[in-house]
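Naming convention: chains lettered A, B, ... in sequence-line order (proteins, then strands); numbering from 1 in each chain. As the structure is a prediction and not an experimental result, all values here were calculated from the model.
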There are 2 protein chains.
Amino acid sequence: MRNKLLSVAEAIDPSSQMTRTETGANGKMHGSVVRSIGGSILAGEYRPGEAFPGEAELSLKFGVSRTTIREAVKVLSAKGLIESRPRVGIRVRMQEDWRFLDPDVLSWHPNLRADHQFRDSLVESRRVMEPAAARAAAQRATAHDLAAIEAAFLAMERAVPHDMLACNEADVQFHRAIMNASHNIVFKALAGTIEAALRAAFFVTSEFMDTDVMNAHKHILERIRMRDPDGAHHAMLHLLDIAAEDLNA
Amino acid sequence: MRNKLLSVAEAIDPSSQMTRTETGANGKMHGSVVRSIGGSILAGEYRPGEAFPGEAELSLKFGVSRTTIREAVKVLSAKGLIESRPRVGIRVRMQEDWRFLDPDVLSWHPNLRADHQFRDSLVESRRVMEPAAARAAAQRATAHDLAAIEAAFLAMERAVPHDMLACNEADVQFHRAIMNASHNIVFKALAGTIEAALRAAFFVTSEFMDTDVMNAHKHILERIRMRDPDGAHHAMLHLLDIAAEDLNA
DNA sequence: TAAGTCGGAATTATCATATAATTGGCATTC
DNA sequence: GAATGCCAATTATATGATAATTCCGACTTA
């Protein structure tokens with residue numbers, strides 16, 4: 001196995017993390033309530049359809065007004081986690097209705113990093129989608145798109161020897177730039193989710209930035225620039241393969 | 001081209017459509033406000049970062065209390081469409097922050113059906129993801145999963161001669177059941193999005209339910225049941241191909 | 001006895017008003 | 001010119017009241 005030159009995984013305190021696109025839920029009270037309840041639900045503390053405290057009770061529990069509770073409930077409903085009806089109260093919805101690809105919902109996952117099912121799912125879906133996005137990018141990338149991909153690559157090259165945080169950030173941008181260059185709305189939307197998941201889960205891109213990995217990135221950029229769809233597809237698959245290899249080792 | 005035996009597209013009034021998993025925004029006032037504002041934003045009536053009416057103004061415009069407006073604003077913020085800060089007011093966020101895969105957001109799209117970019121994106125991403133999901137299903141489907149897929153197939157077979165609505169519904173369920181059988185969280189989450197998009201856009205599965213299409217479905221079910229990943233992958237790809245062929249003809 | 005009907009009550013939905021917290025921008029100061 | 005402090009606009013939260021919804025049980029009826 002390759003040397004583990006860079007791994008940001010252990011370097012940062014997970015609790016301080018926040019998805020880049022997170023809904024403006026910062027110091028606001030209703031934001032805390034949303035995170036708290038959302039976390040409880042994702043932790044499985046309530047079964048779908050089961051009884052759930054009413055607005056009055058939650059108001060007492062969190063020490064905020066019913067107004068604030070209601071705003072939190074509205075947000076959680078918007079994420080598909082709960083539904084609330086008169087006379088019946090608040091109920092947790094079935095998992096299949098949860099907006100699991102929503103960056104906020106992902107960030108409420110109690111321990112994404114340890115969730116093997118999720119990690120494997122993400123790896124599997126990336127192996128499918130990112131090569132397809134690279135292929136599309138090779139067909140449709142504009143000069144602007146190419147510049148964005150190259151900029152991210154150059155930032156990686158510049159950062160790799162000394163700044164692993166900047167390097168991982170540039171890596172995320174590299175993958176996002178390719179998704180954007182695909183000009184496929186679904187891929188672009190998924191880029192945000194994948195990015196959020198990687199950040200939240202701290203296997204940030206799961207790449208260790210050695211020579212092989214850097215070459216793989218360079219190769220992808222070249223294939224896209226040369227308008228070689230099959231080559232781009234294959235190159236991206238190769239990158240994900242060696243990254244997964246590292247991850248499993 | 002095959003005969004167009006069934007096409008539900010023209011049969012239903014789009015305005016009456018509602019995604020199955022839509023957030024409980026029905027007769028409720030705040031729900032109407034959410035849909036109205038959401039629709040305006042998706043229609044491009046406001047540019048990102050541009051001025052937006054404040055809570056007071058919206059309250060007047062819609063003839064509801066500020067409380068109701070605020071709940072609507074919270075929902076739209078949760079979908080990533082807007083953000084609202086004291087002293088600055090409400091602003092539309094950049095498109096890349098919109099939760100485009102959220103069924104509600106999709107349903108607010110003013111004319112999804114005519115949006116070729118979206119239609120092509122969806123077809124392209126389905127061609128990538130669904131065969132992969134079928135492959136995974138062939139590897140991991142439980143007896144329960146298989147029963148669900150078969151039930152959907154039988155419902156299709158039963159409905160195909162006389163009830164095109166039920167048939168399309170069963171078809172959606174067939175594809176969803178396979179996504180679920182993949183036991184991949186990302187695929188499962190995407191099933192909801194794809195389903196909502198198909199419903200919202202009215203090229204419901206874009207399949208016309210002739211003999212070829214029914215055989216293609218049957219073949220997928222068989223390959224999954226026989227635990228043949230490559231076969232399942234190929235069979236799903238074939239189905240999407242003949243469906244796309246119809247779509248373009 | 002079974003099925004349908006109706007009303008009460010619990011809960012959310014909305015409203016109106018008041019007060020607190022936040023922050024962009026202006027004025028002031030050094 | 002840069003830093004600091006104040007002001008005002010806007011959202012954030014609180015409070016209390018009323019309306020709308022609908023589950024559930026009681027009652028009626030065949």
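OP1 or OP2 of D:dA12 has not a single side-chain nitrogen or oxygen of A:His30 nearer than 4.0 Å. A sub-4.0 Å separation between OP1 or OP2 of D:dT10 and a side-chain N or O of B:Ser84 is absent. The phosphate of C:dA21 (OP1 or OP2) has no side-chain N or O of A:Lys28 nearer than 4.0 angstrom. At least one side-chain nitrogen or oxygen of B:Thr68 sits closer than 4.0 Å to the OP1 or OP2 atom of C:dC15.
For A:Glu124 and B:Lys188, the salt-bridge test fails: no basic side-chain N is under 4.0 Å from an acidic carboxylate O. One finds a salt bridge joining B:Arg70 and A:Glu71 here, because a Lys/Arg side-chain nitrogen approaches an Asp/Glu carboxylate oxygen to under 4.0 Å.
What separates CD1 of A:Ile82 from C1' of C:dT12 is a distance of 12 Å, to the nearest Å. Counting to the nearest Å, the C1' atom of C:dA13 and the CD1 atom of B:Ile69 are 14 Å from each other. For the pair A:Glu71 CD and C:dT14 P, the interatomic distance rounds to 13 Å; values are reported in whole Å. Put simply, CE on B:Met29 is 12 Å from P on D:dA20, counting in whole angstrom units.
Ring geometry for A:Phe174 against A:His217 counts as perpendicular: the plane angle is over 60°, on a 0 to 90° scale with 30° as the lower cut.
For A:Thr67 against D:dT15, a side-chain N or O and a base N or O form a donor-acceptor pair under 3.5 Å.
The residue A:Arg70 sits close to a base: some heavy atom pair falls under 4.0 Å.
The closest side-chain donor-acceptor pair between B:Asp104 and B:Ser107, if any, does not fall under 3.5 angstrom.
Residues satisfying the side chain to side chain donor-acceptor pair (under 3.5 Å) criterion with A:Asn180, sequence neighbours excluded, are absent altogether. Under the side chain to side chain donor-acceptor pair (under 3.5 Å) criterion, B:Asn111 pairs with no residue, sequence neighbours left out.
For residues 48-66 of chain A, proximity to DNA chain C is found at A:Gly54, A:Glu55, A:Arg66, defined as any non-hydrogen atom under 4.0 angstrom from a strand atom.
Within 6.0 Å of the NE2 atom in A:His144, the count of heavy atoms belonging to other residues, nucleotides or ligands does not exceed 12.
For A:Arg87, taking side-chain heavy atoms from C-beta onward, the closest of the listed nucleotides D:dC23, C:dA13, C:dT22 is D:dC23.
Summary of the strand contacts: A:Pro86 and B:Arg85 both lie near DNA chain D, and taking for each the nucleotide with the nearest heavy atom, the more 5' one is attributed to B:Arg85.
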